[in-house]
Amino acid sequence: MHDLTIFKGVYDGQFYYRYAVNPFSKDKRYVVDGVKEKGQHGIKVDAPKYRRGRLTYPLAAWTLALGQAPLIPYPLILINLLGFILLIRIVKALVLHSGASWYYCYFPLLIGGLYFSVARDLPDLLVCTFLAWSYLCFLREQRFWFVVASALLLLCKESSGIFLVPAYLILGLEGLMTTSLLRQIREKAILFLPWGILLAWKATLQSAYPKIKQGFTALFLKHFELPFKGIYESLAYNFSIAKVLFISWGFMLIALCMKELIKRGRPPLKNWMYWGVWINLLLILCYAIPIYIDKWSFMRVLAASHMLCFFFLLERKVRPPKWFVGYSTLIALIVIVTVVFVR
């Protein structure tokens, strides 16, 4: 087994590495200094039932490495790099579909959290790629590929399913009053296949770890608080200029979207990105201190939210002001320098 750098406390990247070494091995119980722990391959896992549920990224790395543990670090990096290239190509396809300027193709490069995901072996870049693919298939009315992209997204990071909810409500309610119930069931049953796969996988993990009570729901809910409380507490606990710059950038992006909503009024209710803006506003405001506590890594958690805001601007053909593009470029450069030189 090759050397592995473990950051203080628990770090998400170590969990993806552990399950990439062997996605099918069960975490074992052991005792260290009288404390009961769980893990495998020399890596402690704080919540196996929760961490192992995010399968897409480690399984892809394990497959590319042909199951050879010493090779695992390389596909973990390669997958994210390929995901970044694919994301840019998908955004290009979205630009062509909407008839917007090529200028919008550079939007992904302005999302600082994506660089952090690449540098730390995290799946958030893949989440953005699968979400962008889902959106493209939604616009093109490619139901089969929309289902495939949704399934990969849910198995990559199940909490990102919240971004899919508007799309599924739109597709589920489409034609509800004009076609028979039997035909509705027959045509739309496939749409909910990704959620069925996710539930089946969660049930499998429940049977594999019957004695572990803490799962996705408990960990998910502890990441939410009253609006602004998480941001305030994190700044009080661990203040930094970098964190203020990053948080303010996210609010500027949301503000551009809200300005457009107010300016042009409410779009049709079947508009996925319209609802996405409101979801992102609630998430950014209500995330608790565990999300914001680090100086910069919270940006990778917010990467999907930032991307959907850019998609809303793309859909409306809103060209962000030059000062915002310049500020976004500065933020992205700070993140790149941080992940390259800060350990």
Side-chain angles (χ1 to χ4, degrees), residues 80-118 124-142 145 149 163 166-167 245-268 270-281 284 299-300 302-339:
N80 268 332
L81 292 176
L82 292 176
F84 213 146
I85 295 172
L86 182 58
L87 174 59
I88 293 174
R89 290 183 63 87
I90 292 172
V91 172
K92 179 181 177 181
L94 287 168
V95 169
L96 292 173
H97 184 274
S98 65
S101 169
W102 60 268
Y103 169 89
Y104 294 90
C105 294
Y106 295 101
F107 276 179
L109 301 178
L110 301 178
I111 302 175
L114 299 182
Y115 302 105
F116 197 96
S117 180
V118 174
D124 302 278
L125 195 150
L126 287 184
V127 167
C128 289
T129 301
F130 292 138
L131 189 56
W133 187 22
S134 300
Y135 180 46
L136 179 62
C137 295
F138 175 85
L139 294 178
R140 289 178 171 177
E141 299 183 358
Q142 298 172 329
W145 292 113
F163 300 120
L245 291 174
F246 298 158
I247 292 176
S248 63
W249 177 81
F251 278 112
M252 290 176 188
L253 180 58
I254 285 285
L256 287 175
C257 296
M258 299 305 296
K259 178 183 177 181
E260 181 64 18
L261 286 177
I262 296 172
K263 179 180 177 181
R264 298 195 183 184
R266 190 180 68 180
K270 294 182 179 181
N271 186 289
W272 181 0
M273 290 303 112
Y274 166 75
W275 296 109
V277 170
W278 290 107
I279 290 174
N280 292 328
L281 178 61
I284 291 173
M299 288 199 71
R300 59 98 176 179
L302 299 178
S305 295
H306 296 154
M307 187 187 69
L308 289 188
C309 288
F310 276 127
F311 284 169
F312 175 79
L313 297 177
L314 165 61
E315 186 179 89
R316 293 294 192 91
K317 297 183 177 64
V318 177
R319 192 160 183 164
K322 292 181 179 179
W323 65 264
F324 178 76
V325 175
Y327 187 53
S328 302
T329 304
L330 174 63
I331 294 297
L333 289 174
I334 292 175
V335 174
I336 292 172
V337 171
T338 297
V339 298

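Computed from a prediction, not measured in an experiment: that's the story for all the values here.
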Close side-chain approach of Y106 and V325, heavy atoms under 4.5 Å: no
Shortest non-hydrogen separation from M307 to C128 and the atoms involved: CE-O, 3.2 Å
Side-chain donor-acceptor pair present, Y327, S248, cut-off under 3.5 Å: yes
From SG (C257) to CD1 (I262), nearest 0.5 Å: 11.5 Å
Inter-residue atom distance L86.CG - R89.CZ, 0.5 Å rounding: 8.0 Å
Heavy-atom donor-acceptor pair, K317 side chain to G99 backbone, under 3.5 Å: no
Side chain Y274, main chain F312, donor-acceptor under 3.5 Å: no
Side-chain donor or acceptor of S328 paired with backbone N/O of L110 under 3.5 Å: no
Distance-minimising heavy-atom pair for I90 and T129: CD1-O, 3.7 Å
Where L313 and P320 come nearest, the two heavy atoms and their spacing: CD1-CG, 4.2 Å
Exercise: identify the closest heavy-atom pair between I111 and F310: CG1-CE1, 3.8 Å
Heavy-atom closest pair, residues P108 and L114: O-CD1, 3.5 Å
More than 12 heavy atoms from other groups under 6.0 Å of OH on Y103: yes
Side-chain (Y104) to main-chain (F311) donor-acceptor, under 3.5 angstrom: no
Separation between CZ of F138 and NZ of K270, rounded to the nearest 0.5 Å: 9.5 Å
Trace of the side chain to side chain contact (heavy atoms under 4.5 Å, CB included) decision for L256 with V318: CA-CA 9 Å; L256 287 175; V318 177; over 6 Å; no
Separation of L314 CG from L308 CG (nearest 0.5 Å): 11.5 Å
Point-to-point distance, once rounded to the nearest 0.5 Å, from CE of M252 to SG of C309: 14.0 Å
Minimum side-chain heavy-atom gap V91-Y135 below 4.5 Å: no
Pairwise side-chain contact, M299 with F116, heavy-atom cut-off 4.5 Å (strictly under): no
L333 and T329: CA distance, side-chain angles, deciding distance, side chain to side chain contact (heavy atoms under 4.5 Å, CB included) verdict: CA-CA 6 Å; L333 289 174; T329 304; 4.2 Å; yes
Considering all heavy atoms, the nearest N80-S117 contact: ND2-O, 3.3 Å
Test item: E315 and W272 side chains (from C-beta on) under 4.5 Å apart, heavy atoms: no
Short side-chain to backbone donor-acceptor contact, W102 and V95, under 3.5 Å: no
Stepwise side chain to side chain contact (heavy atoms under 4.5 Å, CB included) check, L261 with W278: CA-CA 10 Å; L261 286 177; W278 290 107; 4.0 Å; yes
Pairwise distance CG(L302) to CZ(R300) - rounded to 0.5 angstrom: 10.0 Å
